[in-house]
Every structure is written in C-alpha cells, then in structure tokens.
Amino acid sequence: QVQLVESGGGLVQAGDSLRLSCVASGRTFSLYNMGWFRQAPGKEREFVTSISRSGGVTTYADSVKGRFTISRDNAKNTVSLQMNSLSPDDTAVYYCAARVTIIDSAASSRDRDYNDWGQGTQVTVSS
C-alpha cells in the first residue's frame with residue numbers, strides 16, 4: 001500500500017492555470033502506475049489522466065487533451081498535473097490514485113483498477 005497526499009488546489013478564474021501535486025510514501029513509487037481522477041458535485045468520479053510507472057506512456061481524457069499535462073518524478077515520489085486554460089467545467093475534487101504493476105505499460109483509465117487513493121484537493125474555477 002502507498003499513501004498519497006495531493007496539494008495545489010484552489011480557486012482560480014477561467015483561463016488560469018494550476019499545478020497539482022501528489023506525493024507518495026510507503027512503497028517503491030516507481031512500481032506504480034498513477035492516475036488523476038476528478039469528481040464534480042452531483043456527478044460520478046471521472047478519469048482525467050494517467051501515467052505509466054516509468055513516465056513513458058500517458059493517457060488523457062478527451063476533455064483535457066491539450067490543456068492538462070501529467071508528469072512524474074520517481075526520485076521525488078511525486079506525480080504532477082499541470083492544468084492550463086481552466087474552465088468552470090473543470091471544477092471538481094481531484095484525486096490521485098496508484099496501482100502497482102509489474103509491466104511498464106499504459107496505465108488504466110478505470111478507477112476500479114486503482115488500489116490506493118489520496119484524500120483529494122478541491123479545484124474551483126470561476127467564470
């Protein structure tokens with residue numbers, strides 16, 4: 001099991017940028033595929049982006065392609081989410097998630113495939 005702590009959320013205006021971070025502890029971070037998910041009020045949790053354990057393969061939801069960038073630093077046990085051109089539709093609680101994997105391949109976009117979750121960080125985008 002790995003412990004995950006997100007940070008970097010806040011209140012911004014439409015068009016602004018935010019950078020979220022997720023720091024992992026407890027296990028060997030480089031063995032984990034990582035994902036970011038979000039949940040808006042009254043909606044189901046949805047996939048945002050994921051990154052393979054080496055960082056070589058990334059996947060994005062169509063709604064964030066070209067605006068969001070996921071990255072990781074295995075030396076610092078950190079995965080980050082750079083969010084640009086934010087819109088009110090991006091308002092949600094953002095969660096990072098981890099899944100240990102043997103093979104360095106594309107990380108899943110299904111939340112049920114992830115075993116460990118952070119507590120979430122709120123992102124609010126005003127119009």
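This is a predicted model, so every value here is computed, not measured.
Taking both residues in full, the closest heavy atoms of S52 and S105 are given as CB-O, 3.1 Å, listed atom of the first, atom of the second, then distance. Here the shortest heavy-atom pairing between Y114 and A107 reads OH-CB, 3.6 Å. A pairwise comparison of heavy atoms in V2 and A24 identifies CG2-CB, 3.6 Å as the closest pair. The minimum heavy-atom distance linking V64 with V48 is given by the pair CG2-O, 3.5 Å. Minimum interatomic distance between Y60 and T69 (heavy atoms only, all atoms of both residues): OH-CA, 3.4 Å. The heavy-atom pair separating R19 from S80 by the smallest distance is NH2-CB, 3.5 Å.
Contact of the L20 side chain with the T121 side chain is registered, since non-hydrogen atoms from C-beta on lie closer than 4.5 Å. Considering only heavy atoms from C-beta on, T49 stays 4.5 Å or farther from T59 through its side chain. Using a 4.5 Å cut-off on side-chain heavy atoms (C-beta onward), R72 and C22 make no contact.
Using a distance-only test at 3.5 Å, with no hydrogens or angles considered, no donor-acceptor pair links the side chain of S50 to the main chain of G35. Although no hydrogens or angles enter the test, the distance criterion places no donor-acceptor pair under 3.5 Å between the side chain of Q13 and the main chain of S126. Side-chain atoms of S54 never come within 3.5 Å of backbone atoms of D104 as a donor-acceptor pair (strictly under, hydrogens ignored). Without hydrogens or angle criteria, T101 side chain to Y32 main chain gives no donor-acceptor distance under 3.5 Å. Counting only distance, with no hydrogens or angles, the side chain of T78 and the backbone of K76 share a donor-acceptor pair below 3.5 Å.
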Assess whether side-chain hydrogen bond (donor to acceptor under 3.5 Å, both in side chains) is satisfied between Q122 and T124, documenting all intermediate values. CA-CA 6 Å; Q122 176 71 47; T124 304; 3.3 Å; yes
Verdict with reasoning, Q119 to V5, per side chain to side chain contact (heavy atoms under 4.5 Å, CB included): CA-CA 7 Å; Q119 82 289 350; V5 179; 4.3 Å; yes
Stepwise side chain to side chain contact (heavy atoms under 4.5 Å, CB included) check, F68 with L86: CA-CA 9 Å; F68 290 11; L86 285 162; 3.8 Å; yes
Applying side-chain hydrogen bond (donor to acceptor under 3.5 Å, both in side chains), run through N84 and S17 and close with a yes or a no. CA-CA 4 Å; N84 299 329; S17 298; 2.9 Å; yes
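Note that OH of Y94 is 5.0 Å distant from CE of M83, once rounded to the nearest 0.5 Å. T58 contributes atom OG1, which lies 7.5 Å from atom CD1 of I70 (distance to the nearest 0.5 angstrom). Taking CD of Q1 as the reference point, atom CG of L4 lies at 9.0 Å (rounded to 0.5 Å). Taking CD of E6 as the reference point, atom CG of L81 lies at 11.0 Å (rounded to 0.5 Å). With values rounded to the nearest 0.5 angstrom, S85 atom OG is found 9.5 Å from D16 atom CG. Considering CG of D73 and OG of S30, their distance stands at 11.5 Å, rounded to 0.5 Å.
Under the 4.5 Å side-chain contact rule for hydrophobic residues, V93 and W36 do not share a cluster.
For the salt bridge (charged side-chain N to carboxylate O under 4.0 Å, His left out) condition, the pairs that include at least one residue of residues 34-50, sequence neighbours left out, are R38-E46, R38-D90, R45-D111.
Aromatic pair F37/F47: centroids less than 6.0 angstrom apart.
If you check the side chains of S108 and D113, you find a donor sitting under 3.5 Å from an acceptor.
In this structure, R53 forms no cation-pi arrangement with F29, as its terminal cationic atom is not both closer than 6.0 Å to the ring centre and no more than 45° off the ring axis.
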